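Okay, so here's the structure we're looking at.
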Amino acid sequence: MKINILNYDCGNIWSIKNAFKFFNIETNIINTTESIIESDCLILPGDGSFKIINDIKKKKFDEPLNYLAYKKKIPILGICLGMQLFGSNSDESINDKGFSWVKGSLKKFNIKKKVPHIGFNNLINLKKNEPIFENISNNSKFYFVHSYYFNAENKEDVLAETEYEITFPSVIKRENIIGTQFHPEKSQNHGIQFLYNFLKINKII
Amino acid sequence: MIAPRMCFVLLYSEGVFNLSRNFKLQKVGNTKWVIDNYDFNEMSKSIDELIILNINKNKNMNFENFINDIKPLIEKSFMPVGIGGGINSFQTAKYYFDNGADKIIINSEFFKNNNKFINKIVDKYGSQSVVASIDYKNQGLVNAKLFIDSGKKEIDLNLKDAIKKVELLGAGELLLNSIDRDGVGYGYDIETLQEVNNITNLPIIPCGGADNYLQLLEGIKTNFLHAVSTSHIFNFMGGGLKETKELLIKQGYNFVNWDYTNLKFINEKK
């Protein structure tokens, strides 16, 4: 089973790879279209700007990624920017189209509190009976660092929310695709549990 | 609601971790020693942010040895990690980011001539990833004397102008270290921290002064500090930091009490 982490030159990939080591799971850091297609499970990491979508398209990663999402239907986990790319577009670069895997767009926080939203904040309104929240309760804290949030069109795609002056989706899911605005690999035992649940649901563990 | 952060600072120099008193170093031990004798892996379960500084006072810093030495510590650390020491180019910063840093910490180079590379780091990784560390003696925005190169060299700049300078270069956070208070058990220099907070919106991590629970409490009580830090590994080794956090939580401060015993699947494995 090939568990691949897509390297599109942004963010702390080392930490994600390292988090999977906690479960003795080897991951491959990949950056070619061939290796994308071969994936049995794909992690889209990322900190940084939505503009990176242009690089992804330039490298012709978008087509094999769509193949994984719609045809091969493998489990895909997007973290932070990786999750934001699921959307159709973003305030951050208005003319660029995202993957449009989950209906919604990225909005910049227009709030009085400091932006970016940084720190350990609560997950609230956890959708009931979701196996991804096994042993994770409402108000569990996870690590966030972002200036844009996913404005989901369909409420059923939102599995959990977080409050920072406004309430925004912090876990979204559409069929085989799941994304977190927070960094599970930076969220101590809460994040470890979340990743464990992801691996368990997808029969990787 | 965002939780306050308990930061722990590890002071590294040439293969060894150290305690520091007024920037004079006392060796604690190497990586293996810190893991075996201080049970760092247990301790790290209570840290909200790990900061590792290479405070080597010699000019030729071996970045590879440094990263190799700290790897075993950050491999079991599932929280944001800041790494600093000797960053004088974009390449060094990238090397730290590629090896597990979420943030990098820059001190001396903010105040030297060739500091344009800092803009490049901010452009690529965002200002939240760049922490400006400032070491000073004496107190107050005007009277504080600033030092660079691990406290060796005094510079002709007051704290007020230094803050402006790091803001302009795009720093997203401040690590303020009182050399007078460092490791001598007097608590944080709250007065100066307050004065700095009055002139900047940057979040501040106070450093230097807090060696025990009461001094950490004093820091978080200020209400303008949303993080506290200590580097006193002797006082918080193993479960010591967890106990300290629990005491702070009892006082009404909303720190996260990470609880690995909740990970049922690990216990099942055993």
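No experiment lies behind these values; they were computed from the predicted model shown.
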Quiz item: Should B/Lys124 and A/Asp9 be marked as a side-chain contact (heavy atoms from CB on, under 4.5 Å) after you check the CA-CA gap, both sets of side-chain angles, and the distance that decides it?
Solution: CA-CA 10 Å; B/Lys124 166 84 179 163; A/Asp9 192 30; 3.0 Å; yes
Self-check item: Toward chain B, the part of A/Ile13 with a non-hydrogen atom under 4.5 Å
Solution: neither
Exercise. Among A/Asp47, A/Thr162, A/Ile192, single out the residue with the greatest number of heavy-atom pairs under 4.5 Å to chain B.
Key: A/Ile192
Quiz item: Is the CD atom of B/Glu64 crowded by more than 12 outside heavy atoms at less than 6.0 Å?
Solution: no
Quiz item: Any side-chain heavy-atom pair from B/Asn254 and A/Lys141 closer than 4.5 angstrom?
Solution: yes
Quiz item: So B/Val256 and A/Tyr143, side-chain contact (heavy atoms from CB on, under 4.5 Å) or not? Walk me through it.
Solution: CA-CA 11 Å; B/Val256 194; A/Tyr143 185 70; over 6 Å; no
Practice problem: Give the member of A/Gln193, A/His117, A/Glu134, A/Glu185 that has the highest number of heavy-atom pairs under 4.5 Å with chain B. | Solution: A/Gln193
Self-check item: Minimum heavy-atom distance B/Asn201-A/Lys114, with the two atoms named
Solution: O-NZ, 2.6 Å
Practice problem: Decide if atom NZ of A/Lys127 counts as having more than 12 heavy atoms of other residues, nucleotides or ligands within a radius under 6.0 Å. | Solution: yes
Quiz item: How far apart are the closest heavy atoms of A/Ser15 and B/Gly100, and which atoms are they?
Solution: OG-O, 4.0 Å
Quiz item: Around A/Glu63, counting heavy atoms of other residues, nucleotides and ligands shown, do more than 12 lie under 6.0 Å from its CD?
Solution: no
Exercise. To the nearest 0.5 Å, tell me how far A/Lys186 NZ sits from B/Asp48 CG.
Key: 13.0 Å
Exercise. Identify which part of B/Ala101 has an atom lying under 4.5 Å from any heavy atom of chain A, answering side chain, backbone, both or neither.
Key: backbone
Quiz item: Would you say the side-chain atoms of B/Lys45 pair up with the backbone N or O of A/Asn189, donor to acceptor, closer than 3.5 Å?
Solution: no
Quiz item: Do side-chain atoms of A/Gln188 reach the backbone of B/Ile47 as a donor and acceptor pair under 3.5 angstrom?
Solution: yes
Quiz item: Where does B/Asp102 contact chain A at under 4.5 Å (heavy atoms): side chain, backbone, both or neither?
Solution: both
Quiz item: For A/Lys103, does the NZ atom sit with more than 12 other heavy atoms under 6.0 Å from it, leaving out its own atoms?
Solution: no
Quiz item: Take atom NZ in A/Lys57; do more than 12 heavy atoms of anything else shown fall under 6.0 Å from it?
Solution: yes
Quiz prompt | Positions in residues 240-253 of chain B that reach chain A, provided some heavy atom is under 4.5 Å away | solution = none
Quiz item: So B/Trp258 and A/Phe120, would you call those rings parallel, tilted or perpendicular, with 30° and 60° as cut-offs?
Solution: perpendicular
Quiz item: Short question: side chain of A/Asn135, backbone of B/Asn262 - any donor-acceptor pair under 3.5 Å?
Solution: yes
Self-check item: Structural part of B/Ser44 lying under 4.5 Å from a heavy atom of chain A
Solution: backbone
Exercise. Verify the neighbour count for atom CE of B/Met1: are there more than 12 heavy atoms of other residues, nucleotides or ligands below 6.0 Å?
Key: no
Quiz item: To the nearest 0.5 Å, what is the distance between OH (B/Tyr125) and CG (A/Asn12)?
Solution: 10.0 Å
Quiz item: How long is the span from the CZ atom in A/Phe22 to the CD atom in B/Glu75, to the nearest 0.5 Å?
Solution: 13.0 Å
Self-check item: Contact leader toward chain A among B/Asp98, B/Ile74, B/Val81, where contacts are heavy-atom pairs under 4.5 Å
Solution: B/Ile74
Exercise. Can you establish whether the number of heavy atoms outside B/Lys221 located under 6.0 Å from its atom NZ is more than 12?
Key: no
Exercise. May I ask you to check whether over 12 heavy atoms, not counting those of A/Lys21, lie within 6.0 Å of atom NZ?
Key: yes
Quiz item: Between B/Lys71 and A/Trp14, is any pair of side-chain heavy atoms under 4.5 Å apart?
Solution: yes
Quiz item: Side chains of B/Ile2 and A/Phe144: does their closest heavy-atom pair fall under 4.5 Å?
Solution: no
